Chemist: 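I'd like to ask you about the structure that follows.
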Amino acid sequence: MQSTAVQSYGGATSNAKLLNPDISMIGDFIGTAGHNRAVLSNSLELHESELGVQAIIDPYARGDFFLSFGEQGVNVEEGYITFTSLPKGFVARVGKMRAAFGKVNTIHNHALDYIDRPLATVNLLGGEDGIDDAGISVTRIFAGPKDLFLEGTASGFPWRFWQSDHARFPSQ
């Protein structure tokens, strides 16, 4: 007789979480005290608010969708599907996502330990949002000695390159 274990996601069984999304709303408020003549800012402002919807689609995939509301309007910050049960221990992510590049690129603004992103990251990755575009990412974790591990990630964002080529060479 063969037994199967029920997967557990956050204390609930996988069947209970199936297509029952986790929904969150986060507000990123910034308060300023004192005077700064170089950078004028309000004493209290809503920098950004974010709506997150995350759900297990089936036993082999999950979906994550994040909308941000800010000064520029409504923006799809991230929206991707993660395939968790690929052969040989691979995990693939497809959609609009933040690239796994650097220490803070994958972190949303409200989760940072500081108000502004590091200047080096902003200059290197092209702005406050960093590298985030439509693409595919494949990850695999390799076992190492003494309970250590190595994570290998390969990502491609072909839409970003198509956009830049299309802007340089518009069709006639």
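Remember, it's a predicted structure, so these values are computed and weren't measured experimentally.
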Chemist: Hey, does the side chain of D132 reach the backbone of E78 with a donor-acceptor pair shorter than 3.5 angstrom?
Modeler: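 A pair under 3.5 Å: no.
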
Chemist: So, for I56 and D58, which heavy atoms are closest and what is the spacing to 0.1 Å?
Modeler: CG2-O, 3.3 Å

Chemist: What pair of heavy atoms forms the shortest contact from P118 to V104, and how long is it?
Modeler: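 Looking at all heavy atoms of both residues, the closest pair is CD-CG2, 4.1 Å.
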
Chemist: Does I23 belong to the same Ile/Leu/Val/Met/Phe/Trp/Tyr cluster as V74, with side-chain heavy atoms less than 4.5 Å apart forming each link?
Modeler: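 Linked, I23 and V74 end up in one cluster.
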
Chemist: When you compare the side chain of V94 with that of F83, does any pair of heavy atoms fall below 4.5 Å?
Modeler: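 F83 reaches V94 side chain to side chain.
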
Chemist: Kindly give the heavy-atom pair with the smallest separation between K103 and I107, and that separation in Å.
Modeler: O-CD1, 3.8 Å

Chemist: Below 4.5 Å, heavy atoms only, C-beta onward: do T153 and F101 meet side chain to side chain?
Modeler: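 The answer is no; the side chains never approach within 4.5 Å.
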
Chemist: When hydrophobic residues are tied together by side-chain contacts of less than 4.5 Å, even through go-betweens, does F65 share a cluster with M25?
Modeler: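 Linked within one cluster.
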
Chemist: Can you tell me how the ring of Y80 sits relative to the ring of F66, calling it parallel under 30°, perpendicular over 60° and tilted otherwise?
Modeler: tilted

Chemist: How far does NZ of K96 sit from CG of D64, to the nearest 0.5 angstrom?
Modeler: 14.5 Å

Chemist: Taking everything shown except F149 itself, do over 12 heavy atoms lie less than 6.0 Å from its CZ?
Modeler: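 No, not enclosed.
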
Chemist: Give a yes or no answer on whether the side chain of R93 reaches the backbone of S155 with a donor-acceptor pair at less than 3.5 Å.
Modeler: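 Looks like no, no N/O pair under 3.5 Å.
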
Chemist: Would L112 and F69 show up in the same hydrophobic cluster when neighbours are defined by side-chain heavy atoms closer than 4.5 Å?
Modeler: no

Chemist: Please check if F90 and I136 belong to a single hydrophobic cluster, counting links between Ile, Leu, Val, Met, Phe, Trp and Tyr side chain heavy atoms closer than 4.5 Å.
Modeler: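 Yes.
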
Chemist: Check whether any side-chain heavy atom of T82 lies under 4.5 Å from a side-chain heavy atom of V91, and answer yes or no.
Modeler: yes

Chemist: Could you pull out the closest heavy-atom pair between G135 and M97, with the gap in Å?
Modeler: O-CE, 3.2 Å

Chemist: In sequence, state the C-alpha distance, the side-chain angles, and the governing distance for V76 and L67, and then conclude on side-chain contact (heavy atoms from CB on, under 4.5 Å).
Modeler: CA-CA 5 Å; V76 177; L67 279 177; 3.8 Å; yes

Chemist: Counting only N and O atoms by type, is there a donor-acceptor contact under 3.5 Å from the side chain of R140 to the main-chain atoms of K88?
Modeler: yes

Chemist: Tell me which pairs pass salt bridge (charged side-chain N to carboxylate O under 4.0 Å, His left out) where either residue lies in residues 24-35, with sequence neighbours left out.
Modeler: none

Chemist: Considering non-hydrogen atoms only, spot the tightest contact between V53 and P21 and give its length.
Modeler: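 In this case the closest contact between V53 and P21 is CG1-CB, 3.7 Å.
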
Chemist: Hey, quick one: are L86 and I81 part of the same hydrophobic cluster, counting side-chain heavy atoms closer than 4.5 Å, chains of contacts allowed?
Modeler: yes

Chemist: Would you say that E48 contacts H108 through its side chain, given a criterion of any heavy-atom pair below 4.5 Å between the two side chains?
Modeler: no

